[in-house]
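Working notes, beginning with the structure itself.
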Amino acid sequence: MRIFALVDCNNFYVSCERLFRPEIKHRPVVVLSNNDGCVISRSQEAKDIGVPMGAPAYKYQSFFLQNNVEIFSSNYALYGDLSQRVTATLASLTPDLEVYSIDESFLEFPPCMLRELPSIGKEIRTRILKWTGIPVSVGFGSTKTLAKVASRFAKKYPQTEGTFSLCGRNDLDRLLDKVPVTDVWGIGRRHGKRLIARGVSTARTFKDLPNLWLKKNMSVTGLHTALELRGTPCFELDNSPKPKKTISSSRSFGRPVTALSDLEESVAAYVARAGEKLREQQSLTNGVMVYLTTNRFNNLPQYSNSATRMLPIATDYTPELINTGLQCIRSIYKEGFSYKKTGVVLLDLCGKYNRQCNLLELDHKAESAKKEAIMNLLDSANTRFGRRTLSYASEGLEQPWQMNRKYKSPSYTTSWDDLPKIG
DNA sequence: TCTGGGGTCCTAGGACCC
DNA sequence: TCTGGGGTCCTAGGACCC
């Protein structure tokens with residue numbers, strides 16, 4: 001039997017904020033999405049007083065005030081840095097590690113360690129808490145999906161003390177009967193609804209559906225999920241992350257935007273950011289897609305559109321990408337609408353050092369070396385001195401369209417200026 | 001005034017090829 | 001009257017994840 005573990009940071013963003021504000025440890029705390037839109041992380045106290053996930057912040061303003069809820073804008077510089085510390089700690093325990101998301105990692109252990117799982121779980125929790133200050137839950141299972149289920153139990157029931165194993169249990173069915181089908185990893189809202197309508201409401205009844213039905217109604221992904229719940233691994237541990245196939249950057253505006261010039265600035269800024277990510281993973285892009293949209297939540301006239309332009313030669317040179325992005329936005333902009341958001345997607349990425357060469361580019365060796373040197377300079381300056389130390393004029397200086405971040409905490413661990421003072 | 005952002009995978013259907 | 005069949009590639013849309 002295989003042994004997978006899922007290590008899941010508890011209320012991750014809230015835990016990050018609390019690390020530097022210990023006095024809010026027992027108060028309700030929420031972290032808002034970009035643009036201070038809705039709630040994306042809640043402390044246990046916030047859950048207990050009934051703040052739902054995804055709650056629009058503006059609807060809850062007086063509620064937050066009445067209940068003395070501490071509010072934070074999201075601060076991804078902080079969360080990303082602490083996330084790295086957590087995964088580095090995990091890497092000190094085992095090389096079989098897949099970083100699944102900013103707050104979750106899968107681990108695999110050899111079958112012979114079955115009897116040691118309780119102490120391993122304890123050790124993981126203790127070490128991460130001690131080294132990083134972040135509380136985590138640990139779930140073990142013979143597949144990734146079961147490890148996920150186990151971590152839910154670990155979170156939900158205090159008597160588990162934060163670690164729970166579903167490996168080698170003979171009461172697995174009884175436990176899966178307690179898990180709502182919509183809580184299963186891989187079953188979303190859409191399928192969940194349909195399943196419940198058919199009377200399939202728990203993980204146990206779901207896993208016992210006939211294979212043919214699963215395949216027909218939920219494609220192979222649904223079948224895989226059921227097989228995993230029955231203990232047959234379909235998803236392997238992936239510890240060598242592949243480069244992304246698309247890279248995007250987008251934001252909602254802090255206020256409605258009508259002028260083309262503002263939209264152009266935002267597109268230039270998002271392209272520049274996407275370009276940084278592109279070079280970070282050592283890829284080139286073959287095309288740029290730009291979209292814009294009005295606010296679907298108001299009653300004003302609606303308009304959204306997108307434009308794609310392919311590039312003659314794959315590149316990671318931001319000025320060229322910005323040019324292309326600007327052409328796109330100009331081609332779809334319509335006057336008279338109140339815009340909420342623009343976004344940029346770099347498409348059809350390929351590796352910088354392993355790709356088909358284009359006959360056209362052989363003539364441009366000297367020029368491309370120069371471009372590369374410029375990008376290197378820009379990236380290293382921005383890494384060393386902080387994001388947007390050097391930026392493009394087309395991104396604008398004032399950026400009146402910038403998102404709201406009214407409640408942002410300092411970047412305690414990633415900015416010298418924000419380093420916490422002692423005493 | 002005020003409702004996030006960034007990804008992946010799968011399938012169906014059309015175009016095209018021999 | 002009879003009008004193939006199998007394969008690949010591409011794209012749009014749906015569903016899911018955190």
Side-chain angles (χ1 to χ4, degrees), chain A residues 6-9 11-13 30-41 52-64 71-76 79-80 83 98-106 144-145 148 151 181-195 214-225 234-235 238 241-257 266 270 273-274 277-278 281 287 289 291 293-300 306 308 310 338 340-349 400-401 403-407:
Chain A
L6 179 74
V7 178
D8 194 338
C9 300
N11 323 324
F12 183 52
Y13 299 165
V30 297
V31 175
L32 305 181
S33 63
N34 273 330
N35 215 26
D36 296 340
C38 51
V39 175
I40 54 169
S41 182
M53 191 66 169
Y58 76 98
K59 281 190 186 168
Y60 278 78
Q61 267 200 342
S62 55
F63 181 87
F64 289 156
I71 307 168
F72 291 93
S73 303
S74 39
N75 181 351
Y76 286 100
Y79 312 149
S83 171
E98 172 187 341
V99 179
Y100 178 68
S101 75
I102 194 164
D103 67 340
E104 286 175 47
S105 289
F106 284 105
K144 282 179 157 184
T145 305
K148 273 269 199 184
S151 86
V181 71
T182 44
D183 282 5
V184 174
W185 186 44
I187 298 178
R189 274 230 316 274
R190 245 0 206 273
H191 282 139
K193 235 182 188 165
R194 273 189 240 162
L195 286 165
L214 289 161
K215 172 94 200 298
K216 193 171 156 213
N217 292 278
M218 300 177 67
S219 85
V220 288
T221 29
L223 178 58
H224 283 160
T225 298
C234 298
F235 308 125
D238 179 9
K242 289 155 201 61
K244 297 190 188 346
K245 298 170 184 169
T246 62
I247 286 177
S248 49
S249 176
S250 68
R251 291 279 179 283
S252 297
F253 301 133
R255 64 192 74 161
V257 166
S266 72
Y270 304 153
R273 178 67 195 121
K277 297 189 207 169
L278 184 69
Q281 72 160 25
M289 195 267 269
Y291 61 89
T293 177
T294 48
N295 186 348
R296 65 180 200 278
F297 293 106
N298 66 25
N299 296 321
L300 298 171
S306 70
T308 303
M310 300 312 284
S338 170
K340 179 63 181 168
K341 178 178 179 180
T342 54
V344 167
V345 186
L346 304 181
L347 310 156
D348 199 5
L349 309 188
W401 40 270
M403 66 176 176
N404 299 317
R405 295 178 89 181
K406 212 159 100 192
Y407 313 98

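Throughout, a chain's letter reflects where its sequence line sits, starting with A, and its residues are numbered from 1. Reckoned from all heavy atoms, side chains included, excluding hydrogens, waters and symmetry mates.
Using a 4.5 Å cut-off on side-chain heavy atoms (C-beta onward), N35(A) and R251(A) make no contact.
For K244(A), the side-chain atoms get nearest to dT8(B) when compared with the rest of dC16(C), dC10(B), dT8(B). Considering only the side chain of K277(A), dG6(B) comes nearest among dC17(C), dT3(B), dG6(B). For K215(A), whose side chain is taken as the heavy atoms from C-beta onward, the closest listed nucleotide among dT3(B), dG4(B), dT11(B) is dT11(B). Side-chain atoms of S219(A) lie closest to dT11(B) of the nucleotides dT11(B), dG7(B), dT3(B). Minimum atom distance to the side chain of K245(A) is reached by dT8(B), of the listed dT8(B), dG6(B), dC17(C). Ranking dT3(B), dC10(B), dG6(B) by closeness to the R251(A) side chain, first place goes to dG6(B). Ranking dT3(B), dC2(B), dG5(B) by closeness to the N34(A) side chain, first place goes to dG5(B). Ranking dG7(B), dG4(B), dC10(B) by closeness to the Y76(A) side chain, first place goes to dG4(B). Of the candidates dC16(C), dC18(C), dG5(B), the closest approach to any side-chain atom of S250(A) belongs to dG5(B).
As judged by a 4.0 angstrom heavy-atom cut-off over every strand, I102(A) is placed among residues making no nucleic acid contact. Within the nucleic acid shown, S74(A) has no heavy atom closer than 4.0 Å to any nucleic acid atom. At a threshold of 4.0 angstrom between heavy atoms, the contacts of V344(A) with the nucleic acid are absent. Looking at heavy-atom distances under 4.0 Å, K148(A) makes contact with sugar-phosphate atoms alone, never a base. Backbone-only engagement by I187(A) is indicated by non-hydrogen atom pairs under 4.0 Å involving sugar-phosphate atoms exclusively. Among the protein residues, V220(A) comes within range of the sugar-phosphate backbone only, with heavy atoms under 4.0 Å from sugar or phosphate atoms but none that close to a base. Using a 4.0 Å heavy-atom cutoff across all strands shown, N404(A) reaches no nucleic acid atom at all. Residue-level contact check: Q61(A) touches neither bases nor backbone, having no heavy atom under 4.0 Å from any strand. Contacts of R194(A) with the nucleic acid, taken as non-hydrogen atoms under 4.0 Å apart, involve only primed sugar atoms and P, OP1 or OP2.
Atom CZ in F235(A) sits about 12 Å away from atom P in dC18(C), given to the nearest Å. One can place CZ of R296(A) at 9 Å from P of dT3(B), the figure rounded to the nearest angstrom. In this structure, the CZ atom of R189(A) is 13 Å from the C1' atom of dG14(C), given to the nearest Å. The CZ atom of R255(A) sits 14 Å away from the P atom of dT3(B) (whole-angstrom rounding). Protein atom CE of M310(A) is 12 Å distant from nucleotide atom C1' of dC10(C), rounded to whole Å. Note: CH2 (W185(A)) to P (dC9(B)) measures 12 Å, nearest angstrom. Spacing between atom CE of M218(A) and atom P of dC16(C) amounts to 7 Å, rounded to whole angstrom units. The CG atom of L223(A) sits 16 Å away from the P atom of dC16(C) (whole-angstrom rounding).
Base pairing of dC18(B) is made with dG5(C), judged by Watson-Crick or G-U wobble geometry with both donor-acceptor distances under 3.5 Å.
A donor-acceptor pair is defined here as one N or O able to donate and one able to accept, closer than 3.5 Å; such a pair exists between the side chain of S83(A) and the backbone of I102(A).
Remark: T246(A) is in phosphate contact with dT8(B), judged by side-chain N or O atoms under 4.0 Å from OP1 or OP2. When the side-chain nitrogen and oxygen atoms of K341(A) are compared with OP1 and OP2 of dG5(B), one or more of them lie within a distance under 4.0 Å. Taking 4.0 angstrom as the limit, S252(A) places a side-chain polar atom (N or O) nearer than this to OP1 or OP2 of dG5(B).
DNA chain B is contacted by both A57(A) and K242(A); A57(A) maps to the nucleotide lying nearer its 5′ end (nearest heavy atom per residue). Sequence order on DNA chain B of the closest nucleotides to Y291(A) and T221(A) puts Y291(A) first from the 5' end.
Aromatic ring centres of Y76(A) and Y13(A) lie closer together than 6.0 Å.
Nearest heavy-atom pair, M218(A) versus T221(A), reported as atom, atom and distance to 0.1 Å: O-OG1, 3.4 Å. Closest of all the heavy-atom pairs between K144(A) and F235(A) is CD-O, 3.6 Å.
Note that NZ of K406(A) is 7.0 Å distant from CG of D36(A), once rounded to the nearest 0.5 Å.
Between Y270(A) and W401(A), the angle of the ring planes goes over 60°, which puts this pair in the perpendicular group of the 30/60° scheme.
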